[in-house]
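For reference, the structure discussed in these notes is given below.
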Amino acid sequence: MVSIDKVYQKVLAIANKEQRGYITPQEFNLLADKVQNEIFESYFGDVKTAYLKLEKTQISEADTMERLQEKLQPFLMEQVVTTNHTLGRVQLPSDLYRLKSLQRGQRPLTAYIHPVEEVTKEEWLLINSSPMLAPINAGSQVTGIDARRSIFYRGSYPNILIKPPPTSTTWNVDSDANGQMDTEGFEFSYYKKPTQPKWAYVVAMSKALYDAVNSVNFELHGSEEEILVSRILQLSGLVIKDDTLVQSGAQDTVNNINAQNN
């Protein structure tokens, strides 16, 4: 996690060094949110590049993939949701950014768990129009659940359609013999959206003073602090129309990224 106040103070100190201009808290918060999202999204491209390179080293601190996994770890979420059996659909988590996997099974999710495969709209229509391909519910409440193939298609957000659809007759099973029927659950493994950073303040003597209680820090790894400062400075130069600040911020950003990768 990176302190929102440390980044803002660095940005102000550099931007005002030669009386270039003042970045208001409102402007800073907008730029901070944009830059955090840019850096977060870049992780996924970096993971793909690292995977294709198949880079592996015996020194864990120098392993690119492990470093990226560490940066992504705070955003990795797991959430179990139940279904509306009459509609046969599930709603995606409200903070979902990128889905890793989806599994279905009885709650508690201790048995009869199996993955649900995502398909495109074209694949969904093709599979469901073929008697040989269409997933169907098993005839027994328990027998065959592990062998059943499940698919889902993203319909109108935030709903996803499930095949075979969840039904009370197929999936409500008293798995722990307590006399109560368990509910079918779907477990999402996903990366959540970064929380919007915020430098909050109170006004005293006509000055904006940092309000730590209501502020929201960056959720990014601590190693991203200097890249955050450089990139926000670059965008700040556009706000206050200072080409020198734009160029300086851009060069610092490149230097910081190169330092991380070396």
Side-chain angles (χ1 to χ4, degrees), residues 37 40-52 54 65 68-69 72-73 75-194:
N37 288 332
F40 174 68
E41 175 60 28
S42 72
Y43 291 159
F44 298 98
D46 293 341
V47 167
K48 181 179 179 180
T49 300
Y51 178 79
L52 292 175
L54 296 177
M65 187 65 78
L68 288 168
Q69 290 173 343
L72 282 168
Q73 183 60 39
F75 303 98
L76 185 58
M77 300 285 119
E78 289 186 349
Q79 180 178 331
V80 176
V81 300
T82 55
T83 63
N84 183 326
H85 291 306
T86 61
L87 297 178
R89 63 184 59 179
V90 179
Q91 286 197 337
L92 294 167
S94 59
D95 60 347
L96 181 142
Y97 181 81
R98 183 168 296 194
L99 182 64
K100 283 195 67 180
S101 64
L102 175 61
Q103 299 185 95
R104 72 188 298 174
Q106 295 296 332
R107 290 198 66 192
L109 293 179
T110 55
Y112 314 121
I113 301 173
H114 65 280
V116 186
E117 176 188 355
E118 182 171 10
V119 298
T120 65
K121 181 178 181 180
E122 292 73 18
E123 291 171 333
W124 173 270
L125 296 173
L126 176 62
I127 291 172
N128 285 293
S129 64
S130 170
M132 296 296 292
L133 297 177
I136 59 173
N137 285 319
S140 166
Q141 289 180 324
V142 177
T143 304
I145 288 180
D146 287 335
R148 182 186 299 120
R149 180 194 181 202
S150 296
I151 61 174
F152 78 92
Y153 157 64
R154 302 195 194 205
S156 300
Y157 183 83
N159 295 312
I160 62 173
L161 305 179
I162 308 291
K163 194 75 173 185
T167 65
S168 58
T169 57
T170 302
W171 287 96
N172 275 6
V173 179
D174 186 7
S175 62
D176 51 6
N178 65 354
Q180 297 181 349
M181 305 302 277
D182 299 328
T183 304
E184 180 184 12
F186 286 80
E187 183 176 82
F188 289 91
S189 177
Y190 65 98
Y191 291 104
K192 77 176 189 70
K193 302 172 184 176

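Just so you know, these numbers come straight off a predicted model, no measurement behind them.
Partners of Glu78 according to the side-chain hydrogen bond (donor to acceptor under 3.5 Å, both in side chains) rule, which considers only residues two or more places apart in sequence or in another chain, do not exist here. Gln79 meets the side-chain hydrogen bond (donor to acceptor under 3.5 Å, both in side chains) test with Tyr190; sequence neighbours excluded. Applying the side-chain contact (heavy atoms from CB on, under 4.5 Å) rule to Leu76 yields the partners Gln73, Lys100, Ser189, Tyr191; only residues at least two apart in sequence or on another chain are considered. In this structure Phe75 satisfies the ring pair (Phe, Tyr, Trp, His ring centres under 6.0 Å) test together with Phe40, sequence neighbours excluded. The salt bridge (Lys or Arg N to Asp or Glu O under 4.0 Å) test applied to Glu117 returns Arg149, not counting sequence neighbours. For Ser156, the side-chain contact (heavy atoms from CB on, under 4.5 Å) test picks out no residue, with sequence neighbours left out.
The two atoms that bring Ser129 and Leu126 nearest to each other are OG-O, 2.8 Å, heavy atoms only. Heavy atoms only, all atoms of each residue included: Leu68 and Val47 are closest at CD1-N, 3.6 Å. Of all heavy-atom pairs spanning Lys192 and Met77, the tightest one is CB-CG, 3.8 Å. Annotation for Leu102 and Phe186: closest pair CD1-CB, 3.9 Å, computed over non-hydrogen atoms.
In this structure the side chain of Tyr153 never reaches within 4.5 angstrom of the side chain of Asn128, judged on heavy atoms.
The distance from the CZ atom of Arg154 to the CG atom of Asn159 is 12.5 Å, given to the nearest 0.5 Å. Between atom CD1 of residue Ile160 and atom CD1 of residue Ile151 there is a gap of 11.5 Å, rounded to the nearest 0.5 Å.
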- Query: Run the side-chain contact (heavy atoms from CB on, under 4.5 Å) check on Phe188 and Val90 step by step: do they pass?
  - Reply: CA-CA 11 Å; Phe188 289 91; Val90 179; 3.7 Å; yes
- Could you give me the CA-CA distance, side-chain angles and deciding distance for Arg104 and Ile162, then say whether side-chain contact (heavy atoms from CB on, under 4.5 Å) is met? CA-CA 10 Å; Arg104 72 188 298 174; Ile162 308 291; 3.4 Å; yes
